[in-house]
Amino acid sequence: MARTRHPSLAHWGAFTAITEAGRLVGCEPFGPDPAPSPMLDSIPEMVHSPLRVRRPAVRRGWLEGRRDREGDDYIEISWDRALELVSGELARVRAKHGAAGVFGGSYGWSSAGRVHHARSLIRRFLFLGGGCVDQIGNYSWGAAQFLLPYVIGTTSPVSGDVTDWDSVLEHTRVLIAFGGIPVKNSQVTSGGSGLHNLPRWLGEAQRRGIKLVVISPTRADIPAEMAAEWLPIRPNTDTALMLGMAHTLLTENLHDAAFLASHCTGFERWAAYLRGETDGQPKDAAWAAAITGIPAERIAALAREAAQQRSLLTAAWALQRAQHGEQPYWAVIGLAAMLGQIGMPGGGFAFGHASLNGIGQPRRQVPGPEIPVPKNPSGLAIPVARIADMLLAPGAEYEFNGGRHVYPDVKLIYWAGGNPFHHHQDQNRLRQAWSKPETVIVHESFWTPLARRADIVLPATTALEREDVGGSSRDPYVFAMHRAVEPQGEARNDFDIFAELARRAGFGEAFTAGRDVPGWCRHVYDGMRAGCQARGVELPDFDTFWAHWHAEVPPPETPYVLFERFRQDPAANPLYTKSGRIELYSEAVAGYGYDDCPGYPAWLAPTEWLGAPAAKQWPLHLLTNQPRTRLHSQLDPASLSRAGKVSGHEPIAINPLDAAERGISNGDVLRVFNDRGACLAGAVLDDGLSRGVVIMATGAWSDPDGNLDRHGNPNALTADIGTSRLTQGPSAQTALVQVEKHLGEPVRHRAWELPVLLSGAA
């Protein structure tokens, strides 16, 4: 039987979809990709998964006026009836409560394609329809997003605008990686990619003799084949280590006083803190050693090594996903400023090398494809990680980024793209909050934990069932995404769903701008092409691009160096900070008077860490990371992810000595618990993990039974607290737990089962 080939793109890479008799049977990696992700093999089974949402459905309890959204039956209905219900609910809530009654929920990676990018589409729809309560910030680097403008005037370095690997390989002599550089994370990038180059770059760094120092509680944060120095550190204490190094530079006169004077402001205020003049405690290496668990001699020596040669300090996103997560990012900038190498080839600081693909990829600074989103006329928004607070306490005041705000009283949640019952902290608290709104509407391709807590579920297509244009600002390619198979069941794409709802509400032309999906594909590409042309980069016309399947942005003529022009002439090229310089002391931040985020980088002990009083009851620090076998919760039911489970549950890594104390062996089912909740997990003994630390990947589809998650979602255990009043980011990495063997009967999770689906009119 004849096979057909269709180019496409996922967040974990570009590929050619192979179809036979109307079914997707394989995915061939993009030819130039040196290290394609094995997650491509999960796509065919997910497209045809029995877990697909095949028809619009309404929760039976919602029709009966019940808000308990767990474990209910669903009635499958026609599209006309579903759209009538959605239109009616939106009109009812807007008429009675205004824009403040509607929450535009969309968080997650959704589609690599930009035309069908769910977050862009739902915001376009709700904003044009009168506005809504929006989300600002993100779970990935929310603390950094609101801190960095005060310190360096931009967030761009945390989203990929860092010194090129070409410059690093040529000039860097020591690379200090706070949080490591785990290659598994380089499988994915938002918007997809054609090239996975990190393994090659790391191999070349080793060949050139670049010293790599990995600071992390787990040796797995660097490939085993790399000859790296591993410095095990207690979780959440990187700031103390950086302060100890900074104190060494200061007291041994190894800091670059000239650079600090010409390119920075506030150093003397910070130096007084380092010397202990403000609180009576010098932040020396011995002080840092007692907090971090790294010997004082090694802390001081590491500072000297960084000062004596070209050094690059890089920090993983995970460091700032913790209580007081602003501090390690501010401190690493301060440490790099003291070394005086910011703006020099291969020197300074960087973020995110450990977090996703494409960081440091040589690429010209040109725009990527995107669908335009208008301004929200309501002006209403909450920090993205404060959704449970909003639902549980409407009308309550909260502080954020220098202001005081009030949580709106949301009556309707409209969600398209993402799964909060994976990524949000303290899932049991979120479950309680989720019962508060009157109506929850969700677009979903699968019966995920989110879909099974919705009142109205609209079946959405996957990327293989529609046309699109995709690409990432961290990759040199833009890709045509051709439809490979027909929509499964009665699924419709998000654009068409919103277009029909907009037509019914009277603003259809404003939403579509007179374009159908092919027209928007052309428009999005032509917009990128015009932006590239304005920067001297020529791309082929749309028809040539669509036929050729991809276009490539040529590499830059010279390696990019972060803040190079600022270093050369800070007066002519000031930063967008209040002073135009790097602010090691921020008068603005200090002026807010936050005791959880002072005006300079400081050690603030979290409420939960291995040195806290709470560790006597909960003696293990739980860290959560990106899984190897899926993207967050995407692809969890696929064979690759299933094969990674241990005894049917999500794995948990534990040091053999910690396991022995508890009578735990490889493969045992464990109960992981604290006073917020519990989950089951499968034990994996790991002697490359620090004592007192356990690690679980995020993304197991949640399956709660009371406060116990039977599958192994670690966010049943994490704390739903803001990083600080300044940034209100998520604090997922600040969590203490205990583990014990599960001694009862084996427990089978039900996360991958369909809800009861009934036929009939609603």
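Note that the structure is predicted; figures quoted are calculated from it, not measured.
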TODO: State whether Arg269 and Glu583 are salt-bridged, where the test is any N-O pair (Lys NZ or Arg NE/NH1/NH2 against Asp/Glu carboxylate O) under 4.0 Å.
DONE: no
Task: Donor-acceptor contact below 3.5 Å, side chain Glu229 vs main chain Ala227 - done: no
Open item on the list: Using side-chain heavy atoms (C-beta onward) and a distance below 4.5 Å, is Ser186 in contact with Leu356?
Closed with: no
Open item on the list: Side chains of His424 and Tyr139: any donor to acceptor distance under 3.5 Å?
Closed with: yes
Open item on the list: I want to check something: taking the side chain as every heavy atom from C-beta on, are Val737 and Trp618 in contact at a cut-off of under 4.5 Å?
Closed with: no
Open item on the list: For Asn715, is there any backbone N or O sitting under 3.5 Å from a side-chain donor or acceptor partner on Arg676?
Closed with: no
- [ ] Taking the side chain as every heavy atom from C-beta outward, state whether Pro476 and Gln361 have any atom pair closer than 4.5 Å.
- [x] yes
Task: Check: Asp475 side chain, Gly194 main-chain N or O, donor-acceptor pair, under 3.5 Å - done: yes
Task: Modelled atom types, side-chain donor and acceptor of Tyr150 and Asn401, under 3.5 Å - done: yes
Task: Distance-only side-chain donor-acceptor flag, Ser37 / Gln187, under 3.5 Å - done: yes
Task: Pair Asn236-Thr734, side-chain donor/acceptor within less than 3.5 Å - done: yes
- [ ] With the side chain counted from C-beta on, respond yes when Glu305 and Lys211 share a heavy-atom pair under 4.5 Å apart, and no when they do not.
- [x] yes
Open item on the list: Under a 3.5 Å distance rule, please check whether Asp221 uses its side chain to pair with a backbone N or O of Ser216 as donor and acceptor.
Closed with: no
Task: Whether Gln323 side chain and Thr607 backbone form a donor-acceptor pair below 3.5 Å - done: yes
Task: Non-hydrogen side-chain atoms of Met226 and Leu202 separated by less than 4.5 Å - done: yes
- [ ] Considering only NZ, NE, NH1 and NH2 on the basic side and carboxylate oxygens on the acidic side, decide whether Glu268 and Arg275 come within less than 4.0 Å.
- [x] yes
- [ ] Decide side chain to side chain contact (heavy atoms under 4.5 Å, CB included) for Val213 and Leu302; before the verdict, give the C-alpha distance in whole Å, the side-chain angles of both, and the deciding distance to 0.1 Å.
- [x] CA-CA 9 Å; Val213 181; Leu302 186 61; 4.1 Å; yes
TODO: Determine yes or no for a side-chain-to-main-chain donor-acceptor pair under 3.5 angstrom, with Thr237 supplying the side chain and Ile233 the backbone.
DONE: no
TODO: If the plane angle is over 60° it's perpendicular, under 30° parallel, otherwise tilted; pick one for Tyr594 and Tyr592.
DONE: tilted
Open item on the list: Does any part of the side chain of Pro601, heavy atoms only, come nearer than 4.5 Å to the side chain of Trp270, both counted from C-beta?
Closed with: yes
Open item on the list: Counting C-beta onward and ignoring hydrogens, is there a side-chain heavy-atom pair between Pro345 and Arg310 closer than 4.5 Å?
Closed with: yes
Open item on the list: For His263 and Phe259, take the angle between the two ring planes, folded into 0 to 90°, and tell me which bin it lands in: parallel under 30, tilted 30 to 60, perpendicular over 60.
Closed with: parallel
- [ ] Report yes or no: do Thr163 and Ser167 form a side-chain donor-acceptor pair below 3.5 Å?
- [x] no
Open item on the list: Please identify which of these residues, Thr248, Leu249, Thr251, Leu250, meets the side chain to side chain contact (heavy atoms under 4.5 Å, CB included) condition with Leu274.
Closed with: Leu250
Task: Electrostatic pair Asp686:Arg219 at N-O distance under 4.0 angstrom - done: no
- [ ] Give a yes or no answer on whether the side chain of Arg474 reaches the backbone of Asn357 with a donor-acceptor pair at less than 3.5 Å.
- [x] no
Task: Closest contact, heavy atoms only, Gln341 versus Ala306 - done: NE2-O, 3.6 Å
Task: Heavy-atom pair with the smallest gap, counting every atom of His11 and Ser190 - done: ND1-CA, 3.6 Å
TODO: Could you tell me whether the side chains of Asn138 and Gln145 share a donor-acceptor contact shorter than 3.5 Å?
DONE: yes
TODO: Any ring pair (Phe, Tyr, Trp, His ring centres under 6.0 Å) involving residues 172-222? Give me the pairs, sequence neighbours left out, ordered by first then second residue.
DONE: Trp165-Trp201
Open item on the list: What I want to find out is whether Arg363 reaches Asp164 closely enough, with some N-O distance under 4.0 Å, to be called a salt bridge.
Closed with: no
Open item on the list: Keeping Thr172 on the side-chain end and Leu169 on the backbone end, is there a donor-acceptor pair under 3.5 Å?
Closed with: no
Task: Check: Ile695 and Leu622 side chains under 4.5 Å, non-hydrogen atoms - done: no
Open item on the list: Within the 3.5 Å criterion, strictly below it, is a donor on Glu326 or Ser724 matched to an acceptor on the partner's side chain?
Closed with: yes
TODO: Please confirm whether Lys283 makes a cation-pi placement over Tyr273, using NZ or CZ under 6.0 Å from the six-membered ring centre and within 45° of the ring normal.
DONE: yes
Task: Closest contact, heavy atoms only, Asp720 versus Asp426 - done: CB-CB, 3.7 Å
Task: is_close_aromatic(Phe267, Tyr585), centroid dist under 6.0 Å - done: no
- [ ] Indicate yes or no for a side-chain donor-acceptor contact from Ser156 to the backbone of Asp161 under 3.5 Å, with no hydrogens or angles considered.
- [x] no
- [ ] Decide, yes or no, whether a salt bridge links Arg207 with Glu204 under the criterion of side-chain N to carboxylate O below 4.0 Å.
- [x] yes
TODO: Answer yes if the ring centres of Trp603 and Trp330 are under 6.0 angstrom apart, and no otherwise.
DONE: no
Task: More than 12 heavy atoms of other groups within 6.0 Å of Glu587 CD - done: no
